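Working notes, structure below.
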Amino acid sequence: MIQKPRGTMDILPKDIATWQYIEATARRVAAKFGFNEIRFPTFESTELFQRGVGDTTDVVQKEMYTFTDREGRGLTLRPEGTASVARTLIENGMCSDTMPLKLYYLINCFRYEKPQAGRSREFYQFGVELFGASDAAADAEIIALAYTLIKELGIKNTSLHINSIGCPECRPAYRNALKDYFEANSAELCDTCKGRLETNPLRILDCKSPVCSEIAKNAPKTIDHLCPDCKKHMDELEGYLKEMGIDYEIDTHIVRGLDYYSRTVYEFIATDIGAQSTILGGGRYDGLIKDLGGPALAGIGFAAGITRLILAMEKSGVVIENDNRPALYIATMGKEAAKFAVGVVSKLRNEGIYAETDLVGRSLKAQMKYADKKKARYTLIIGDSELENKRAQLKNMDNSNQNEIDLENVEVLKEILSAE
Ligand code: HAM
């Protein structure tokens, strides 16, 4: 048997209601904040992610699905959405649109990671990006959107962790302070972090190895090294969050794994879904558009992993049922009745009603069993006499009440079936 590739998933009809519920909620919340959907290619030039996400990141160094096409072009399946959205803006002349520009996407992404609960190689994100606003009010608005989404999905046990990683002005001095600190402890660091000392010492701060995280506890903190502008930005963001009643904690170990971030970074962490507990992460990236060849344009956003949202919803006791019940199931006896039922079903569907009749030649008993399984709200049986009189008993399956109806009066039937 051919199996799906490791780290991918089949999303089956029995689970689809939850996915569709999350997608619909995400779209509704995004619309409430004035965000429009954007779609972009599943694969891009490899260079986009090398330059956008950053050459020293784990994503670019170890996790990309990169290939050459038949003409020898270097392409990569998108590991995330932000770099692609930035490219889209530049390529389509949208950097001079009316700002702020607010965009959202629902996409699949690809990263060659070790699969485990909440982590797969093909995974799904809901992401939002807001461009052209450098004020902390934009950070607050994006965080409020994330907060609203999580609340509307019924997820309970989460905490919001925020940090500032400074800007190109203040980060070099902080980076040096951090490097000095970790160099003094370098013998004990894990092999990955030894490598990070030169390339990206900030990432040592969120290493999950017990020894590294113990050492990181006493490391210099970004927020103690911020330049006055970055400090003011952080203070203002805190003021906005307090104004909106959104609880948060300053977590100096949140540094994020992608290179484009500056100033605000944040994560929503679920306390009860295991090791892959970051359900949503994001931050500000004021240099990205310029780095990719566009004008200087501020940006901030986040992405949430759909499977992690599902895990968190399950832990919060949220159950989403498939509520697409047939309004009517018509059971039939004999060829003529079956043909007549096809006509009635077709008329009802034209009126926007979900109706079904037998397609596989079941016995009457088996048809009723099927209607029951599909949780049909009403059933009716058409046999010879019903066919002759064009009347039948319409049975309400929820309370067993029966009503005789005129089979040719689709208007009345529609009225009964559409009433709640
Ligand atoms: P990220 O932290 O790499 O950020 O991913 C965002 C979210 O995607 C994570 O918090 C997690 O929920 C989910 N995720 C990441 N990797 C996996 C995986 N292998 N399996 C399942 N879920 C996963 C970004 O992607 C940024 N583009 C977010 C952003 C948008 N920042 C600014 N704008």
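Numbers here simply count residues along the sequence, with the first being 1. A quick note: this is a predicted structure, and the numbers were derived from the prediction, not measured. We count ligands from 1, going down the list as the structure has it; atoms in each ligand are counted the same way.
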Atoms of ligand 1 close to [X] [distance to a heavy atom under 4.0 angstrom, numbered from 1]:
X: T82; value: 26 (C), 27 (N), 29 (C), 30 (C), 31 (N), 32 (C), 33 (N)
X: E80; value: 25 (O), 26 (C), 27 (N)
X: L280; value: 10 (O)
X: G118; value: 20 (N), 21 (C), 22 (N)
X: R119; value: 18 (C), 19 (N), 20 (N), 21 (C)
X: Y261; value: 26 (C), 28 (C), 29 (C), 31 (N), 32 (C)
X: G282; value: 31 (N)

Residues at least two apart in sequence or cross-chain that pass side-chain hydrogen bond (donor to acceptor under 3.5 Å, both in side chains) with D398, listed by chain then number, are R325
Does [atom1] belonging to [X] count more than 12 external heavy atoms closer than 6.0 Å?
X: K375; atom1: NZ; result: no
X: F43; atom1: CZ; result: no
X: E249; atom1: CD; result: yes

List the closest protein heavy-atom neighbour of [atom]: residue, atom name, distance to the nearest 0.1 Å.
atom: atom 13 (C) of ligand 1; result: G305 CA, 3.6 Å
atom: atom 19 (N) of ligand 1; result: E113 OE2, 2.6 Å
atom: atom 24 (C) of ligand 1; result: L258 CD1, 3.5 Å
atom: atom 7 (C) of ligand 1; result: A303 O, 3.5 Å
atom: atom 20 (N) of ligand 1; result: S120 N, 3.0 Å
atom: atom 11 (C) of ligand 1; result: R308 NH1, 3.4 Å
atom: atom 8 (O) of ligand 1; result: Q125 NE2, 3.2 Å
atom: atom 26 (C) of ligand 1; result: Y260 OH, 3.3 Å

Check your understanding: Is there side-chain contact between D229 and R263, with heavy atoms separated by less than 4.5 Å?
Key -> yes
Between [X] and [Y]: side-chain donor-acceptor atoms closer than 3.5 Å:
X: T66; Y: T76; result: yes
X: E129; Y: T82; result: yes
X: D251; Y: N163; result: no
X: R27; Y: Y104; result: yes

**Message:** Please determine whether a side-chain nitrogen of the Lys or Arg among R196 and D58 lies less than 4.0 Å from a carboxylate oxygen of the Asp or Glu.
**Reply:** yes
Quiz item: Would you call D191-K194 a salt bridge at under 4.0 Å N-O?
Solution: yes
Closest to atom 1 (P) of ligand 1 (heavy atoms only, candidates E129, R256, M9, E267) is R256
Looking at Y105, F123, F126, the heavy atom closest to atom 22 (N) of ligand 1 belongs to F123
Distance col, row L309:CG vs I279:CD1, nearest 0.5 angstrom, shows 5.5 Å
Any nitrogen or oxygen of [X] lying under 3.5 Å from a nitrogen or oxygen in ligand 1? Just yes or no.
X: G81; value: no
X: Y285; value: no
X: T278; value: yes

Do side-chain atoms of R78 reach the backbone of C109 as a donor and acceptor pair under 3.5 angstrom? no
- Say whether G283 and ligand 1 are in contact under the criterion: heavy-atom distance to a ligand atom below 4.0 Å. yes
